[in-house]
Every structure is written in C-alpha cells, then in structure tokens.
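The structure appears below as structure tokens.
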Amino acid sequence: MGFADSRGLSRPSERSDFIRSLVRQEIADGTFAKRVQTRFPPEPNGYLHIGHAKSICLNFDLAAEFGGICNLRLDDTNPETERAHFAAAIEEDIAWLGYESHSGTLYASDYFGQLYEWAEQLINAGLAYVDDQDAATISKNRGSFSEPGISSPFRDRSVAENLTLFRQMAAGDFAAGERVLRARIDMAHENMLMRDPVLYRIRHYDHHRTGTKWCVYPTYDWAHGQSDAIEGVTNSICTLEFDAHRPLYDWFLDHLDLPGDRPRQTEFARLNITHTVLSKRLLMQLVDEGHVEGWDDPRMPTLRGLRRRGFPPSAIKDFCRHVGVARVDGTVEVELLESFVRRELNRTSLRRMAVLNPLPLLIENYPSGQVEMREAVNNPEDPFAGTRQVPFDGELFIERDDFMLEPPSKFYRLAPGREVRLRSGYFVTCTGVDTAADGTIARVRCSYDPDTGSGQAPDGRRPKATLHWVSAKHAIDGQVVLYERLFADSHPGADGADPMDSFNPASVQHLENAKFEAAMADIAPGQVVQFERLGYFAHDPITTNFFHRTVGLRDEWARIQKRRG
RNA sequence: UGGCGAGUAGUUCAACUGGCAGAACGCCUGGCUUUGGACCAGGAGGUUGCAGGUUCGAGCCCUGCCUCGCCAGCCA
C-alpha cells in the first residue's frame, strides 16, 4: 500500500502536521523507545462514516509511516447499545478501505478482568469509593462551572466497606443505578470531569462477547487509557471533545501499575462536510424517520452508503489525507470530496453510452434496415482499456436535454437546422421534429453525413457539440437513480436551526426509462462506469441494469444555466 | 458564570529557530479536444480576528480585548 498522493501534495515522509511533528519529536527524544503504536477505537453501536475514515487513515497511516503498528479495538464497554453485527460491519468497512488491524480485532471487553483488578487497587489506595447516591443526585452535587461540587456522604467509607460493596456490585447483588464506583479525586476541581468521575456502573444486559459474566461495566474514561496501556499504544489519538478528558486519562494511568510507558493522548479536529451531517444521532434520525432507505442508502455519508454510491476507497483515503489534521474545527466543502472521486474514476472507469431521458431520433437518409457496428474507445485516459463495438442504425435515442426547439445562446447541442456529432458515430443535422398531441416533442428528424464516420468531416466542418446516443433497436432498458445533496443548507443545523428543516426531499430522483448501449452488459455488479457526458454511475450489486449516480461530470452548460438563474 | 482549546484566500490546510503570506478544491479567462469531461496556460480572491507593544523586520514574540468550539451522562 502506498501513500503517495499523485497531486504531489504530500509524500508520507514529507507530510507534516502537528501530530506527525509530535511523533517525530518523540522518536528523536526516545520517549517510547522509538516505537509507534496507534489504534482505531470505535464503539460497536453504529456504522462507520467518512468522519471515521479520517481517523482510520490518520491512525493506520501514521503507524505505517513510522514503522509502527495500528490495531482496531472495539470499545465495547456499554452492552446496552452495542451489538455483534455492528462489530462485524465495522471490520468489513475497514477492510474495504484497505486497512488491516495488526493483531486482529481487539476488544476493550477482553480487559474487563484487568480493569476490575485495577479498580480494587484504587479502592485499596483510598482513591475510589462506592457511592449509593442515584444518578440525579450525583449530577446535582457535581456543582457547576461556577460552584464546586458537594462531597457524597459515602465518600469517606472505609476501604473494607468499599471492597465489600464493590464486590457485591460485581456479583449482581444490586439493581442498575443503585450504586456506582467513583474515583476519589477532587470535588472542587475546575475541570468537572475530575469531580469524582464514575468508574463502574451496574448494567444487567447481555454483552455481545462476555454474555452475562459481568454486571458492572467500566465507563469510557476508566477503560480507554488503560486499554491503550495494556496494548502498548504510544499515541492515543482522539477528537477534540476529549481534550478535557486528558487530565483524567493521565490521572488514572499515573495511579496504576502500568505494564509499560504511559500512552499519550492527542486530540485533533473531527471531520465535517458541507450539505451533510456526521453525527450518529442525526444519521440515526434519517434512518429511523424514513428520510433515507437505510444505513447504506447511497446518499448517506456512511462508508456503506458511499460504497453503494460507487465512491472508490482510494478516493476516500486520498481525500482524508488531503484534508489533513489540525486542531481547528471546520467544515470541508463536499466539492473537494467529489473532486477526489472524479479524479480517481476518470482514470479507472470504462466509458459507456446511456440515455437517461430518451428522445427518439430518426435518421431519414440512413438505409432502412441497415445496422453497422461502430468502434468506441473504452477509456481515453487508459489506452489499455481498448475498444468495443456499438450498434448504429437509423433509429436512435438521444438525451432530451440535448435538443431544443429554440436554443438560447451558448446552447451548442442539437436544434432545428443545426449539425452535431454523434459520439463514435456520424454528424447529423436536424431537419425537423414530430410533435405529440400534447405539444411535446415526440421525435427529432435528422439527416446524416456518411462521410463523417471518422469523426471528422472531409471539408473540416467542426460541430460545436458531440452527443451520446443509443440504437433504439439494440438498447437495453434500465433504471438510473440520481442523487443530490442530502441537505440544502451547507451547514445543516447552523445557528440553532433544526437540521431536518433543510433536508432535501429531492435528494433522490428515479429515472425508469433509461436506455443503455448493448455493451453495458459487460459491467459487473458493483462496478462503476462513466456514462459519457453525464457522470459516473455504479451498477447496483443486486439488480441488473440499475445504476446509481456516483457523481456527475463537471457540466459547463449546467453552470451557465445556473448563473442565469 | 469558571476551565480548556482555536482563529491565515469562499473552503481545507502550508509558511524550518521572526525574513517578500503559498497550495489544493471552488470561481473566472483563454487554449486544446470525437465527452461543454479530462488535460494545458493564465487570473481574481488576504488589513494573517481586533488594538497596542518589542524589533531593522511580526502570521510567528509580549499585553489587552473580540469571536467561535468543548466541558456540569451511571454515552463514547
């Protein structure tokens, strides 16, 4: 696996961001004996999205660049919401991106025993206690930003009593919520997280891996740093909102007998993208309220959605590497992501002709009943992609948008009296139209110039437009789905608005009458092709002749129209 | 209200210990072209959040301010 970005932006050794600088410094200082180990620690309670991809790339790339290792660790400390099928989906998505956990999948739940021992160690040191207060009381007594907290009446229990109660908690003697184990730090600490944080809570749920073995479960703060330490992680990279947790992360590790060096937590800004949402809550709302068809709906920013949409994993990785890592909260324009997708697909995808909104075109002077095979280039960007044969005859379909009765200025396509080139075919000139009863155009009539089969006219005439087309007789019927942005606003939910207010109901458009050239039959399920002049389209993995638009081509005419309003 | 973090083109990021503020995407022009694609060339776009200070020289150092984000789950 290479890291070179062909845009010449950043070869790995040259790539520079504050985390890589830090690691370079650590190596120079010998902080971790020149070792680099990272981890990607998702909770198996949902599907991965492109924001996770940024973290995955950062962690795996960083380790690889410095000759270190990176593991996938499922942070499965809360059996209430975590499920085995999420764990499997996470593994699948990471593999799809092309990364592999160095030591297989690791689980925080594998450390429950060690974590429990460490908890008793803290109790014995007088640094943890069992609190009988309920959640509401604990919350109320934690104080506020301007007032210190109030100590629990149970804060000064004896070590023996704490030990007994904690063991009873673990044995299942109490109901959920009845008691918790808390660290004994400082109820007046300016950092609220240090006001005696909860270490263990009681949960009577089946855990996806440990079953009913445990009924006390460690909180994130109690589990995370220690899991890092157990695995030998050197750099524990997380998002900015954990910044305030770092003192706690360090405090726990400083008060335990660690097997090795204390790992170092570093925070970076999570990814945001315009016209979409990346919060688990909002993504779930989209699914639950039926705005989308599921977690793998091609409009979703989930890795499963992007996969169905046809986004190549390499493009997603290039994008993640390009946006870089910093400590500034920001929102990347979705156009940047799309440009990486186009760049990759332009290089790799085969070309085919497809007519999305067919308009019949009759070539009046083409010998009736004759059919000829035209040679078409499969990918002008890749000479090795070869050519294919496309049947051509006198009855074709062209794109309805490619014809106008009264063309405005800058419309170069077909119009009465005008000559255009048919891609890989001949020049045709519009001689008239047949109008339907309702006034719409039913058919375009043309004549063709048999001397333009090379794509050139002997007299040097150069049409301003080249159209794609499909032989009516040989066309494969199919369906195409067009996708637009999920949200109309660039920043859904900005200024306190409800993000759903800007949900774009027109984000999906089904076209049922598409016509494909015969060679579309060569396109495998899941494969992405370029429909010439239209964009990149992914063949549905299940349904034949059903295509999802990955992303459109840059479209000058559309831009002119948009400018005109 | 306290603490922490962050402010550099429209957007995301660069700018080694202080030395003419750059790139990518987007936008605009032109070229080329059997995709209005791709490609090539060029252009516009900045009071580096603001105000002072130190210095021959400040995006970078100092002081004060402003704005934004995060933190009061037995979520992660």
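Fair warning: this is a prediction, and the values are worked out from it, not measured in the lab. Labels below follow one simple rule: chain letters A, B, ... track the order of the sequence lines, proteins then strands, and each chain is numbered from 1.
Phosphate contact (OP1/OP2 of B:rU12, side-chain N/O of A:Arg270, threshold under 4.0 Å): absent. Checking the phosphate oxygens (OP1, OP2) of B:rU34, no side-chain nitrogen or oxygen of A:Ser454 falls inside 4.0 Å. Within the structure, every side-chain polar atom (N or O) of A:Arg20 is placed at least 4.0 Å from both OP1 and OP2 of B:rA14. Put simply, A:Arg554 has a side-chain N or O that comes within less than 4.0 Å of OP1 or OP2 on B:rA38. Here A:Arg327 does not reach the OP1 or OP2 of B:rC70: none of its side-chain N or O atoms lies under 4.0 Å away. The shortest distance between the side-chain N/O atoms of A:Arg421 and the OP1/OP2 oxygens of B:rG36 is not below 4.0 Å. The phosphate of B:rU35 (OP1 or OP2) has no side-chain N or O of A:Gln530 nearer than 4.0 angstrom. Contact annotation: A:Ser139 does not reach the phosphate of B:rA72 (side-chain N/O to OP1 or OP2, under 4.0 Å). Distances shown here put a side-chain N or O of A:Arg559 below 4.0 Å from the OP1 or OP2 atom of B:rC27. Between A:Arg201 and B:rC75 there is a side-chain polar atom (N or O) within less than 4.0 angstrom of OP1 or OP2.
Nearest heavy atom pair, residue A:Asp489 against residue A:Pro492, reads O-CD, 3.6 Å.
Note on A:Lys464: nothing from the nucleic acid sits closer than 4.0 angstrom, heavy atoms only. Contact annotation for A:Phe411: base contact, defined as any heavy-atom pair under 4.0 Å involving a base atom. Among the protein residues, A:Val377 comes within range of no part of the nucleic acid, since none of its heavy atoms lies under 4.0 Å from any strand. At the heavy-atom level, A:Ile560 lies under 4.0 Å from base atoms of the strands shown.
With ring centers used as reference points, A:Phe18 lies 6.0 Å or more from A:Phe268. Here A:Tyr116 and A:Phe166 bring their ring centres to under 6.0 angstrom of each other. The aromatic ring centroids of A:Phe242 and A:His224 lie 6.0 Å or more from each other. A centroid separation of less than 6.0 Å is found between the aromatic rings of A:His322 and A:Phe340. Checked against a 6.0 Å centroid threshold, the rings of A:Tyr536 and A:Phe531 do not count as neighbours. When ring centroids are compared, A:His245 and A:Tyr249 stay outside the 6.0 Å threshold. In this structure, A:Phe392 has its ring center under 6.0 Å from that of A:Trp469. Between A:Tyr47 and A:Phe86, a ring centre-to-centre spacing shorter than 6.0 Å is recorded.
Partner of A:Trp557 under the side-chain contact (heavy atoms from CB on, under 4.5 Å) criterion, out of A:Lys562, A:Arg533, A:Arg413: A:Arg413 alone. Between A:Asn45 and the choices A:Lys280, A:Glu82, A:Glu80, the side chain to side chain donor-acceptor pair (under 3.5 Å) rule is met once, by A:Lys280.
If you find the closest nucleotide of RNA chain B to A:Gly453 and to A:His224, the one lying nearer the 5' end belongs to A:Gly453.
A straight line from CD1 of A:Ile316 to C1' of B:rC25 spans 17 Å, rounded to a whole angstrom. When rounded to the nearest whole Å, the span between CZ of A:Arg533 and P of B:rA38 equals 14 Å. If you take CZ of A:Arg563 and C1' of B:rG36, they are 12 Å apart, rounded to a whole angstrom. Taking atom CG of residue A:Asn191 and atom C1' of nucleotide B:rC71, one finds them 7 Å apart after rounding to whole Å. In this structure, CZ of A:Arg203 is placed 8 Å from P of B:rA76, rounded to the nearest angstrom. If you take CD of A:Gln265 and P of B:rC71, they are 14 Å apart, rounded to a whole angstrom. The distance between atom CE of A:Met284 and atom P of B:rA76, rounded to the nearest whole Å, is 14 Å. Straight-line distance from the CZ atom of A:Phe242 to the P atom of B:rG5: 18 Å, rounded to whole Å.
Residue A:Phe145 and nucleotide B:rU1 are not classified as a stacked aromatic pair, given the requirement of ring centres less than 5.5 Å apart at an interplanar angle below 30°. Stacking annotation: A:Tyr220 is not stacked on the base of B:rA76 (requires ring centroids less than 5.5 angstrom apart and an interplanar angle below 30 degrees).
The separation of B:rG59 from B:rC71, taken at their P atoms, amounts to 34 Å, rounded to a whole angstrom. When the P atom is compared between B:rG30 and B:rC66, the two are found 49 Å apart, to the nearest whole Å. Between the P atoms of B:rG10 and B:rU47, the separation comes to 8 Å (whole Å).
Between the side chain of A:Glu381 and the base of B:rG37, at least one donor-acceptor pair of N or O atoms lies under 3.5 Å. In the interface, the side chain of A:Ser146 is paired with the base of B:rU1 through a donor and an acceptor atom under 3.5 Å apart. At a cut-off of 3.5 angstrom, the base of B:rG36 holds at least one donor-acceptor pair with the side chain of A:Arg413. Judged by distance alone, with hydrogens and angles left aside, A:Glu333 brings a side-chain donor or acceptor within reach of the base of B:rG10, the pair sitting under 3.5 Å. Checked by distance alone, A:His322 brings no side-chain donor or acceptor within 3.5 Å of a matching partner on the base of B:rA23.
In this structure a side-chain-to-backbone donor-acceptor pair under 3.5 Å is present from A:Arg388 to A:Arg351.
The pairing partner recorded for B:rC68 is B:rG5, the criterion being a Watson-Crick or G-U wobble arrangement whose two distances lie under 3.5 angstrom.
If you check B:rA76, B:rC25, B:rG5 against the side chain of A:Ser339, the one that comes closest is B:rC25. Closest contact between the side chain of A:Arg462 and the listed nucleotides B:rU33, B:rA76, B:rG26 involves B:rU33. Considering only the side chain of A:Val328, B:rC13 comes nearest among B:rA76, B:rC13, B:rU11. Considering only side-chain atoms of A:Asp243, the nucleotide from B:rA76, B:rC4, B:rG36 that sits closest is B:rC4. Of the candidates B:rG36, B:rA72, B:rC25, the closest approach to any side-chain atom of A:Trp557 belongs to B:rG36. Nearest to the side chain of A:Arg351, among B:rG36, B:rU35, B:rA24, sits B:rU35.
No hydrogens or angles considered: a donor-acceptor pair under 3.5 Å links the side chains of A:Gln133 and A:Ser152.
Applying the 90° criterion around 0 to the glycosidic angle, B:rG30 comes out anti.
Contacts with RNA chain B (heavy atom under 4.0 Å) in residues 173-186 of chain A: A:Gly177, A:Val180, listed by number. Of the residues in residues 41-49 of chain A, A:Glu43 come within less than 4.0 Å of RNA chain B through at least one heavy atom, sorted by number.
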query = How far apart are the C-alpha atoms of A:Leu414 and A:Leu361, what are their side-chain angles, what is the distance that settles it, and do they pass the side-chain contact (heavy atoms from CB on, under 4.5 Å) test?
reply = CA-CA 11 Å; A:Leu414 198 61; A:Leu361 179 148; 4.0 Å; yes

